[in-house]
Amino acid sequence: MREEVLPFFIKDLNASLKINVLATPLKTSFNEASLIVCSHSSVLKQNNGNFEIVTDKENQNYTPDINKLFNSFVEYSDRFELKILIMTGIGSDGIDGAMNLKLKGAKVFAQDETSSPVYGMPKAAIERGIVDQVKTLDEIKECFRNFNGFF
């Protein structure tokens with residue numbers, strides 16, 4: 001998504017969902033459930049007891065690099081109840097990182113083939129055997145809208 005569109009996208013999500021929608025870079029304690037929108041390759045870091053998701057463009061394979069983001073959460077995974085949603089996208093970026101987080105207890109969800117304009121990333125996650133549940137786009141919207149059922 002183009003960066004100039006993100007503020008409008010996030011504002012719309014905040015207005016329509018019952019979950020806190022945040023954009024990176026950000027500093028947070030993660031005390032409440034949040035949907036985090038990353039506009040660049042980002043990583044999680046701990047700084048003086050707080051967490052930050054910061055832009056990190058070094059050694060990235062994709063833009064954004066989802067594996068890099070997910071793998072940055074592995075060290076801190078015992079502090080969070082992580083749910084990963086793999087949605088429409090090309091290739092398999094994020095699948096290795098999602099697998100590493102699943103091994104640490106994260107739940108992994110994937111968008112179904114019918115509602116995915118590009119089925120590469122969800123398909124790769126399903127084929128890897130890491131997906132706990134497959135959801136249609138309408139089911140995903142409803143879960144976030146009501147913040148139930150999905151989590």
Side-chain angles (χ1 to χ4, degrees), residues 1-3 5-6 9-10 13 17 19-144 147-151:
M1 184 176 296
R2 293 191 340 239
E3 192 161 347
V5 176
L6 282 174
F9 176 68
I10 292 166
L13 286 175
L17 303 178
I19 186 171
N20 193 24
V21 181
L22 306 169
T24 59
L26 67 90
K27 294 180 183 181
T28 184
S29 61
F30 290 110
N31 287 334
E32 63 181 307
S34 302
L35 173 70
I36 301 167
V37 178
C38 297
S39 58
H40 295 95
S41 289
S42 303
V43 294
L44 177 72
K45 294 185 176 195
Q46 189 173 25
N47 187 6
N48 296 325
N50 289 318
F51 288 97
E52 298 178 84
I53 298 181
V54 298
T55 300
D56 183 354
K57 295 183 179 181
E58 291 185 35
N59 302 317
Q60 67 186 37
N61 294 317
Y62 305 97
T63 303
D65 191 328
I66 308 305
N67 275 321
K68 188 174 189 176
L69 174 65
F70 286 171
N71 282 324
S72 73
F73 273 81
V74 169
E75 178 180 351
Y76 310 106
S77 61
D78 61 333
R79 299 181 189 201
F80 305 107
E81 185 180 343
L82 295 171
K83 278 96 175 171
I84 298 165
L85 174 59
I86 307 289
M87 294 184 73
T88 185
I90 296 170
S92 61
D93 182 32
I95 307 310
D96 291 338
M99 171 64 97
N100 292 336
L101 286 170
K102 181 157 183 75
L103 293 171
K104 296 286 194 170
K107 298 292 182 198
V108 180
F109 300 86
Q111 184 177 357
D112 74 317
E113 182 174 8
T114 303
S115 68
S116 295
V118 180
Y119 190 54
M121 290 171 63
K123 180 181 179 185
I126 292 165
E127 288 176 348
R128 181 75 67 90
I130 63 172
V131 173
D132 294 292
Q133 196 171 20
V134 176
K135 297 275 192 184
T136 67
L137 185 57
D138 287 336
E139 290 171 328
I140 292 166
K141 288 178 189 176
E142 188 62 27
C143 291
F144 278 113
F147 198 55
N148 66 23
F150 181 27
F151 299 110

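Only heavy atoms go into these numbers, but all of them, side chains included; no hydrogens, no water, no symmetry mates. Because the structure is predicted, anything quoted here is derived from the model rather than measured.
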message: If you define the side chain from C-beta out and look only at heavy atoms, does anything of T24 sit under 4.5 Å from I36?
response: yes
task: Looking only at non-hydrogen atoms, find the nearest pair between P25 and V54 and report the distance.
output: CB-CA, 4.3 Å
query: Are Q111 and L137 close enough that some pair of their side-chain heavy atoms sits under 4.5 Å apart?
result: yes
- request: Would you indicate whether the side-chain heavy atoms of T136 and T114 approach each other to under 4.5 Å?
  value: no
message: Which heavy atom of N71 sits nearest to which heavy atom of G97, and what is that distance?
response: OD1-CA, 3.5 Å
message: If you define the side chain from C-beta out and look only at heavy atoms, does anything of V108 sit under 4.5 Å from I86?
response: yes
query: Is K102 atom NZ crowded by more than 12 heavy atoms from other residues, nucleotides or ligands, each under 6.0 Å away?
result: yes
field: Between CG on residue D96 and CD1 on residue I66, distance to nearest 0.5 Å
entry: 13.0 Å
field: Side-chain heavy atoms of K107 within contact of D132, under 4.5 Å
entry: yes
Least distance between heavy atoms, I95 atom then N67 atom: N-OD1, 3.5 Å
query: Are the side chains of F51 and L44 in touch, meaning some heavy atoms are under 4.5 Å apart?
result: yes
task: List in chain and number order the residues that pass side-chain hydrogen bond (donor to acceptor under 3.5 Å, both in side chains) with D138, two or more places apart in sequence or in another chain; answer none if no residue qualifies.
output: none
- prompt: Does any non-hydrogen side-chain atom of R79 lie less than 4.5 Å from one of Q46?
  reply: yes
query: How far does CG of L82 sit from NZ of K104, to the nearest 0.5 angstrom?
result: 11.5 Å
task: For M99 and R128, work out which heavy atoms get closest and say how close.
output: CE-CG, 3.7 Å
field: I126 side, atom CD1; E113 side, atom CD - distance, nearest 0.5 Å
entry: 8.5 Å
message: Looking at every heavy atom in both S77 and L101, which two are closest together, and how far apart are they?
response: CB-CD2, 4.2 Å
- request: Using a 4.5 Å cut-off on heavy atoms from C-beta on, say whether the side chain of I84 contacts that of F73.
  value: no
task: Calculate, to the nearest 0.5 Å, the distance between atoms NZ and CE belonging to K135 and M87 respectively.
output: 12.5 Å
- request: Return the minimal non-hydrogen interatomic distance between P122 and T88, and the atom names on each side.
  value: CG-N, 3.9 Å
query: Between V43 and L69, does a side chain to side chain contact (heavy atoms under 4.5 Å, CB included) hold up when you go through it step by step?
result: CA-CA 5 Å; V43 294; L69 174 65; 5.6 Å; no
- prompt: Which value, rounded to the nearest 0.5 Å, describes the distance between I130 atom CD1 and N100 atom CG?
  reply: 9.0 Å
- prompt: About how many Å separate CG of L13 and CG of L35, when rounded to the nearest 0.5 Å?
  reply: 6.5 Å
